[in-house]
Student: 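Before I ask anything, let me first share the structure, which is written out below as structure tokens.
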Amino acid sequence: VQLVESGGGVVQSGGSLRLSCTISVTTFDGYALAWFRQAPGKEREAVSCISSSDGITDYLDSVKGRFTISTSDGKKTMYLQMNSLKPEDSAIYYCAAHFEPGFRRRCGRHTTGYQHWGQGMQVTVSS
């Protein structure tokens with residue numbers, strides 16, 4: 001399994017970015033996919049996740065209404081559309097995945113729930 005992120009960069013406060021995560025996996029029967037971020041000196045936190053259980057999504061309170069998680073290409077690509085960005089959104093962003101046949105639970109917010117990770121990419125929001 002390989003996860004490759006793209007789309008990070010520098011943007012001004014109030015701007016938008018769309019992060020992409022290309023997922024290379026043999027079968028896609030049951031999954032939880034997530035975006036995490038880690039700012040300097042802080043713990044890695046879940047920003048958003050999506051489950052194969054009816055596409056249920058979950059968001060960190062501070063990004064609700066601004067960020068949208070989605071998938072396409074037969075679930076082989078995951079996106080995070082980030083609007084109205086704030087300087088406090090600056091961090092290294094990681095995509096993560098858990099694959100389990102017949103997965104029917106809500107996606108989780110703990111790093112231990114995901115076995116596969118991308119390399120991370122910097123998102124910087126300037127004030």
Side-chain angles (χ1 to χ4, degrees):
V1 178
Q2 187 176 21
L3 279 64
V4 179
E5 300 125 336
S6 62
V10 180
V11 64
Q12 288 190 333
S13 181
S16 299
L17 280 176
R18 188 175 81 157
L19 307 184
S20 299
C21 176
T22 301
I23 303 167
S24 300
V25 63
T26 303
T27 58
F28 229 113
D29 176 24
Y31 61 86
L33 306 175
W35 288 98
F36 285 77
R37 68 185 181 188
Q38 187 167 19
K42 295 188 176 181
E43 292 187 355
R44 192 171 297 190
E45 64 179 357
V47 176
S48 182
C49 65
I50 185 168
S51 167
S52 56
S53 177
D54 296 326
I56 295 173
T57 58
D58 190 26
Y59 293 91
L60 184 68
D61 284 347
S62 62
V63 308
K64 284 180 180 177
R66 300 189 297 123
F67 291 10
T68 304
I69 191 171
S70 62
T71 61
S72 68
D73 299 331
K75 312 296 189 296
K76 295 298 181 70
T77 305
M78 176 175 63
Y79 301 99
L80 186 68
Q81 178 66 44
M82 305 189 295
N83 299 326
S84 302
L85 282 160
K86 305 175 181 180
E88 51 264 42
D89 293 319
S90 297
I92 296 176
Y93 283 71
Y94 300 87
C95 63
H98 166 75
F99 298 107
E100 178 183 328
F103 187 82
R104 288 294 179 268
R105 302 189 299 276
R106 295 182 66 91
C107 51
R109 296 188 178 189
H110 298 288
T111 57
T112 54
Y114 299 86
Q115 294 75 44
H116 308 287
W117 292 82
Q119 76 281 5
M121 58 185 167
Q122 181 69 47
V123 170
T124 302
V125 184
S126 61
S127 56

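Only a predicted model underlies this, so the values are computations on that prediction, with no experimental measurement involved.
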Student: In Å, rounded to the nearest 0.5 Å, how long is the span from CG of L19 to CD1 of I69?
Tutor: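 Here the interatomic distance stands at 10.5 Å.
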Student: Going by the angle between their ring planes, with limits at 30° and 60°, are H116 and F99 parallel, tilted or perpendicular?
Tutor: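 Aromatic pair H116/F99 classed tilted.
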Student: Using 0.5 Å steps for rounding, measure from the NZ atom of K86 to the OG atom of S127.
Tutor: 14.0 Å
Student: Under the side chain to side chain contact (heavy atoms under 4.5 Å, CB included) rule, what do M82 and V11 come out as? Steps first, then yes or no, please.
Tutor: CA-CA 11 Å; M82 305 189 295; V11 64; over 6 Å; no
Student: Given side chains that start at C-beta, do those of C95 and Y114 come closer than 4.5 Å, heavy atoms only?
Tutor: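 Side-chain contact under 4.5 Å: no.
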Student: Could you check whether any side-chain heavy atom of M78 comes within less than 4.5 Å of a side-chain heavy atom of S72, counting everything from C-beta outward?
Tutor: no
Student: I need the C49 SG to L60 CG distance, nearest 0.5 Å.
Tutor: 10.5 Å
Student: Can you name the nearest heavy-atom pair linking S16 to S84, along with the distance?
Tutor: OG-N, 4.3 Å
Student: Show the nearest heavy-atom pair for residues Q122 and A91, with the distance to one decimal.
Tutor: NE2-O, 3.4 Å
Student: Write down the atom of S90, the atom of V125, and the distance for their closest heavy-atom approach.
Tutor: OG-N, 2.8 Å
Student: Please answer whether the main-chain N or O of S126 pairs with a side-chain N or O of S13 as donor and acceptor at a distance below 3.5 Å.
Tutor: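 Answer holds: no.
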Student: Inspect the contact between K64 and D61 and indicate whether a charged nitrogen and a carboxylate oxygen are less than 4.0 angstrom apart.
Tutor: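 Result for this pair is yes, salt bridge flagged.
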Student: How many angstroms lie between OG in S51 and CD1 in I56, if you round to the nearest 0.5 Å?
Tutor: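 Result: 6.0 Å between the selected atoms.
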Student: Relative to the ring of W117, is the ring of Y94 parallel (under 30°), tilted (30 to 60°) or perpendicular (over 60°)?
Tutor: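 Aromatic pair Y94/W117 classed perpendicular.
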Student: Output all residues satisfying ring-ring contact (aromatic ring centres under 6.0 Å, His included) with Y79, sequence neighbours left out; order by chain, then residue number.
Tutor: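 Here no residue qualifies.
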Student: Taking all atoms of both residues into account, what is the closest heavy-atom pair of M121 and W35, and its distance?
Tutor: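 Closest pair (atom of M121, atom of W35, distance): CE-CZ3, 4.0 Å.
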Student: Measure the acute angle between the ring planes of H98 and F103, then classify it against the limits of 30° and 60° as parallel, tilted or perpendicular.
Tutor: perpendicular
Student: Going by the salt bridge (Lys or Arg N to Asp or Glu O under 4.0 Å) test, which pairs reach into residues 4-30, not counting sequence neighbours?
Tutor: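 Residue pairs with at least one partner in residues 4-30: there are none.
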Student: Treat each ILVMFWY residue as a node, draw an edge where side-chain heavy atoms are under 4.5 Å apart, and state whether L3 and I92 are in one component.
Tutor: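 No: no chain of side-chain contacts under 4.5 Å links L3 to I92.
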Student: Can you tell me how far the OG1 atom of T71 sits from the CD1 atom of I50, to the nearest 0.5 Å?
Tutor: 4.5 Å
Student: Do the non-hydrogen side-chain atoms of R104 and D54 ever get within less than 4.5 Å of each other?
Tutor: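 Contact flag for R104/D54 side chains = no.
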Student: How about Q115 and V1: do any of their side-chain heavy atoms sit closer than 4.5 Å?
Tutor: no
Student: What closest approach, in Å, do T68 and Y59 show between heavy atoms, and which atom pair accounts for it?
Tutor: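 For T68 and Y59, the tightest heavy-atom pair comes out as CA-OH, 3.4 Å.
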Student: Considering non-hydrogen atoms only, spot the tightest contact between R66 and L85 and give its length.
Tutor: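 Between these two residues, the closest heavy atoms are NH1-CA, 3.8 Å.
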Student: Could you check if a side-chain atom of R37 sits within less than 4.5 angstrom of a side-chain atom of V63, using non-hydrogen atoms only?
Tutor: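 Result yes, sub-4.5 Å side-chain heavy-atom pair found.
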Student: Do F67 and D89 have side chains that approach each other closer than 4.5 Å (heavy atoms only, starting at C-beta)?
Tutor: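 The answer is yes; the side chains approach within 4.5 Å.
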Student: Applying the 4.5 Å side-chain criterion to the ILVMFWY set and letting contacts propagate, would I23 and F36 be lumped into a single cluster?
Tutor: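 No.
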